[in-house]
Amino acid sequence: MKKSLKRLVIDTATKYMYLSLVVDDKEVDSFYQIGDNDHSVTIMPSLEDLLQKHSVELKDLDEVIVGIGPGSYTGVRIGVTVGKMIAYLNNIPLYKVSSLALMASYSEHEYVLPLIDARRGNAFMAFLKQSHQNIQYIHKDVLMNINDFKEKQDKQYEVVESGKPNIEKILNSDLLEKISDIHELVPNYLQVTEAERNLHK
Amino acid sequence: MYVLGVETSCDETSVSVVKDGNIVLSNEVLSQIDIHQSYGGVVPEIASREHIKGITYVFDQAIKKANLSYEDIDLIAVTKGPGLIGSLLIGINAAKVISLNYHIPIIGVHHISGHIYANYIEHGMEFPLLALVVSGGHTELVLMKEHFSFEKLGETQDDAVGEAYDKVARILGLGYPGGPAVDKLANQGSDTFDFPRPMIHSDDYHFSFSGLKSHVINKHHNMLQRNEEINVKDFSASFQEAVTDVLVAKTIKAKENYQVKQVIVAGGVAANSGLRKKIKANITDIPVYFPIMDYCTDNAAMIASAGYFKYKKYGKSDDLYINGYSRLDLEREM
Ligand SMILES: [Zn+2]
């Protein structure tokens, strides 16, 4: 019998924590829950529960997929840390994916505008086109004024600010990027820190 | 017993393997000090970004240098606070992954208990002992009657001593971190200003450095206004003499009152040469120990050592819900 391919998906870049166990391209179980700034406390117990239910150990995993933002919501680093560590300890491939793309996959609309609020009228946004088999970028992840970005889009679209990812659609797409050196993976902040901005003034 | 220590509470990413509390098999430290220097202090968001860059690499180096594999580890000890919350959480979650991956017990450790146990690595401990904890965030006298028992006798009522050093260094234009720079200049100057020695005669074991700090800053300001030439060496020496006079006086008082067998100095300011000299010159009846330089600054070896003794004392570990805390009381540490 062919050994099944076990993949773990982790995204903590927004208020929602998403964990998913995918076996041979099918999501067998997932965890999608709003967190009160406590992804750091709950991620590992939730992950343990999810895996235990299916008699899977971290060591049994074949691949890890991690949402890397964009954004600097403190949660993003929790998921990236956990994803990096699992891939490093078990010496398995690590893939990164945009958290906006994950969010967009929730929608059923042809055109989707996923959005993570960044205050003062700005947001992290992207624009994607999808069928129920596939999903692709029209505009990559940006941080900009919400109205300016919306005005640029001439298609009918749905705005998505949360929603459980449709991971099978993502797995079919070209949106996953394999990390060549696990140690190098960092979140996609899309903006320098305030301290850096002030320093270069 | 092999303990894997993890420390990410401020601007050092550190992982270490320590056997039986004092045999250091590896102690990897990825320091961010060069990065924060240009900002005149540690920038929390930048610190978090640097920790996540280095985290898996530091683990890899530490386990390889110890010549072990993760299966050999018996306990994971990780700093749970106090410190920068975003930074703490990276070390804590990385440690939790190892715990779940290999089914190794994990224990959260107070950062200051680590600084105290940095002394155990080289010198061992004899009880009761008195620990003078001096760093950028702490100034306190702690009585230990046995392993992993901490009774705070007194602490700073305002600024930590390291904080005062950084502030004085800044007005003297010495950059960040300020302690080593002031210490170096102080050695070349003399105490000509006779700055106040706050609380030196008070009945308790508390400290206060904000008044001294303001006094020093005002003096500097007034001299600048009057166009007087400021001798930076004498200025540094005068500040350092005032600070160390107070620290040493209170330490002696506590030592005598509690009849301790040993005095240890812990934390980043334990590296200060003026403090080392003065405390050794004034306490000669019992041993006075300082950590070796590598264990004065933040490192994971000290966390592994503290975790080892905490685990031995309580015989239980934490679970995967372990959290990080920006503030955390040493006395409630158990
Ligand atoms: Zn420290």
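Chain letters run A, B, ... following the sequence lines, proteins first and then strands; every chain starts at 1.
For B:Asp319, no part sits under 4.5 Å from any heavy atom of chain A, backbone or side chain. The contact between B:His103 and chain A is made entirely by side chain atoms (from C-beta outward), counting heavy-atom distances below 4.5 Å. The contact between B:Ser38 and chain A is made by backbone and side chain atoms together, counting heavy-atom distances below 4.5 Å. Heavy atoms closer than 4.5 Å to chain B are found in both the backbone and the side chain of A:Glu196. Both the backbone and the side chain of B:Tyr321 have a heavy atom closer than 4.5 Å to some heavy atom of chain A. With a 4.5 angstrom heavy-atom cutoff, A:Asn198 does not touch chain B via any of its atoms. Within the 4.5 angstrom heavy-atom criterion, atoms from both the backbone and the side chain of B:Val97 approach chain A.
In this structure, B:Ile303 and B:Ser16 have side chains that are not in contact, with every pair of non-hydrogen atoms separated by 4.5 Å or more. Put simply, the side chain of B:Ile106 does not reach to within 4.5 Å of the side chain of B:Leu100, judged on heavy atoms.
Listed options B:Gly324, B:Gly86, B:Ser48, B:Gly54 were ranked by heavy-atom pairs under 4.5 angstrom with chain A; first place goes to B:Ser48. When each of B:Asn323, B:Ile322, B:Asp60, B:Leu89 is checked for heavy-atom pairs under 4.5 Å with chain A, B:Asp60 comes out on top. No other option in A:Ile78, A:Val192, A:Ile86, A:Ile182 has as many heavy-atom pairs under 4.5 Å with chain B as A:Ile78. Listed options B:Ile46, B:Ile55, B:Ile63 were ranked by heavy-atom pairs under 4.5 angstrom with chain A; first place goes to B:Ile46. Across A:Leu89, A:Val80, A:Thr193, the residue that shares the most heavy-atom pairs under 4.5 angstrom with chain B is A:Leu89. The candidate with the highest count of non-hydrogen atom pairs below 4.5 Å against chain A, out of B:Asn93, B:Ile90, B:Val43, B:Ile92, is B:Asn93.
When ring centroids are compared, A:His109 and A:Tyr157 stay outside the 6.0 Å threshold. Taking the six-membered ring for Trp and the full ring otherwise, the centers of B:Tyr117 and B:Phe309 sit less than 6.0 Å from each other.
If you check the side chains of A:Asp141 and A:Ser98, you find a donor sitting under 3.5 Å from an acceptor. For B:His110 and B:Asp329, the side-chain atoms include no donor-acceptor pair closer than 3.5 Å.
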Chi angles and distances behind the side-chain contact (heavy atoms from CB on, under 4.5 Å) call for B:Asn299, B:Asp294 | CA-CA 8 Å; B:Asn299 66 89; B:Asp294 279 355; over 6 Å; no

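The stretch residues 38-62 of chain A places A:Ser40, A:Val41, A:Ile43, A:Met44, A:Pro45, A:Glu48, A:Glu57, A:Leu58, A:Lys59 near chain B, each with some heavy atom under 4.5 Å from a heavy atom of that chain. For residues 160-174 of chain A, a heavy-atom distance under 4.5 Å to chain B picks out no residue at all.
No more than 12 heavy atoms of other residues, nucleotides or ligands lie within 6.0 Å of CD in A:Glu194, so this atom counts as exposed by the packing criterion. Residue B:Lys64 places its NZ atom among 12 or fewer non-hydrogen atoms of other residues, nucleotides or ligands, all under 6.0 Å distant. At most 12 heavy atoms of other shown residues, nucleotides or ligands fall within 6.0 angstrom of atom CD in A:Glu108. The local environment of OH in B:Tyr57 is sparse, with at most 12 non-hydrogen atoms from other residues, nucleotides or ligands closer than 6.0 Å.
Nearest heavy-atom pair, B:Tyr2 versus B:Val17, reported as atom, atom and distance to 0.1 Å: CD2-CG1, 4.4 Å. Nearest approach of B:Asp158 to B:Phe209, heavy atoms of both residues: OD1-N, 2.8 Å. Scanning all heavy atoms of the two residues, the minimum distance from A:Leu94 to A:Ala87 falls at CB-CB, 3.7 Å.
Of the charged side-chain nitrogens involved, at least one lies within less than 4.0 Å of a carboxylate oxygen, so that B:Arg49 and B:Glu45 count as a salt-bridged pair.
Note that CD of A:Gln191 and CG of A:Leu143 are 5.0 Å apart. Values are rounded to the nearest 0.5 Å.
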